[in-house]
S.K.: 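For reference, the structure I am asking about is given below.
Read the numbers this way: they start at 1 and go in the same order the structure lists the ligands and their atoms. Values reported hereafter were calculated over all heavy atoms of this structure, with side chains retained and with hydrogens, waters and symmetry mates removed. Numbers here are sequence positions counted from 1.
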Amino acid sequence: MKKIGILTSGGDAPGMNAAIRASVRTAIYRGLEVVGIKRGYDGLMDGDFIPMDSNSVSDIIQRGGTILKTSRSERYKTKDGMLDAKQKASEAGIEGLILIGGDGTFKGAREFSEISGINSIGIPGTIDNDLFGTDYTIGYDTALNTVIDAVDKIRDTASSHHRLFFVEVMGRDSGFIALNSGIAAGAEDILIPEEKTDITELIERLEAGRKRNKSSFIIIVAEGEEPGGAFELAKRVKEKYNFVETLVTIIGHMQRGGNPTCFDRILASRLGVAATEGLINGRINEMAGLINNEIVFTPFAKTRKHLLNNNEELLRMARMLSL
Ligand code: F6P
């Protein structure tokens, strides 16, 4: 293998740049040429390529977003899209791909390798932490820290005014961000898609807090498929139990931005090196992940959507500690 391409795809995540840096520098160190593919799979189909050297990844380890830009491509899911991508990659002499992204990013990769003969290696980059094959995805730790910073600030207002806040966080259809930020921010309750929300129980918990004269109440709500669900939930609670002023805050895309934490920079560097060396050593269509602090490779087919599985124990703990 002489030349590889690298792209970021799906939602941006803090630490993607650190992963690009590690991958590019490892590849160059190992004597490969590297092509940066702009705008994810859209750029692959359009031939939007730039040559990359060590200098192209200088001064990016600390930056959020992705210098390669990203997209959620519908066209790539079609046969014509894949054939365009194959043609552009072949013309550029790309023999292997490094893909940084989430579930959707790895989904089309196997099909593309069958159509094109070009194999890929994956690096988990998403704030959602919802992939099998790694304990942590790149960007998750930074997003958690962004959330607890925001919730700490909301707590100041909540306790000064004696208010109840429903704070909605991201996570698409998994509750990793909600559950762990809720524990770290000392939330009064945490509502996640993995557990059916019982309004009566929620009200009982709020009432227990009211009885012991709590000065503030924060409920962390994981977004559902559609953001904004916290408004509906707050409305349903207010209809039955309206004991303090109730407000809703949606943290939104703030969670995707910002400088990556130390943890995410190290994770991204380790996975960038491991993925690139894996590709060079002949690994095909697998994602590099970290499990129990060891590098582990998992076939793309098995990385699909990981939901929380220890939620009951953690929710029990969070609720007990916030009483
Ligand atoms: O997958 C990352 C994520 O931020 C999810 O948590 C969220 O549901 C989704 O992306 C939002 O995507 P977009 O930025 O395309 O609206």
S.K.: Is the count of non-hydrogen atoms from other residues, nucleotides or ligands lying under 6.0 Å from E91 atom CD greater than 12?
M.R.: yes
S.K.: Please determine, by modelled atom types, if D53 and S56 share a side-chain donor-acceptor pair under 3.5 angstrom.
M.R.: yes
S.K.: Can you list every salt bridge (Lys or Arg N to Asp or Glu O under 4.0 Å) pair that touches residues 243-260, not counting sequence neighbours?
M.R.: D12-R256, R163-E245
S.K.: Contact between ligand 1 and G171 is defined here as a heavy atom of the residue under 4.0 Å from a ligand atom; is it met?
M.R.: yes
S.K.: Tell me whether H253 reaches ligand 1 (any heavy atom closer than 4.0 angstrom to a ligand atom).
M.R.: yes
S.K.: Counting the benzene-type ring for Trp, do F243 and F217 have ring centres under 6.0 Å apart?
M.R.: yes
S.K.: For ligand 1, which atoms, with element, lie under 4.0 Å from some heavy atom of R256?
M.R.: 3 (C), 4 (O), 9 (C), 10 (O), 11 (C), 12 (O), 13 (P), 14 (O)
S.K.: With heavy-atom distances below 4.0 Å as the criterion, list the atoms of ligand 1 near E223.
M.R.: 5 (C), 6 (O), 7 (C), 8 (O)
S.K.: Is any side-chain heavy atom of Y140 closer than 4.5 Å to a side-chain heavy atom of F263?
M.R.: no
S.K.: Using heavy-atom distances only, which candidate in N129, D128, D173, T137 approaches atom 2 (C) of ligand 1 most closely?
M.R.: D128
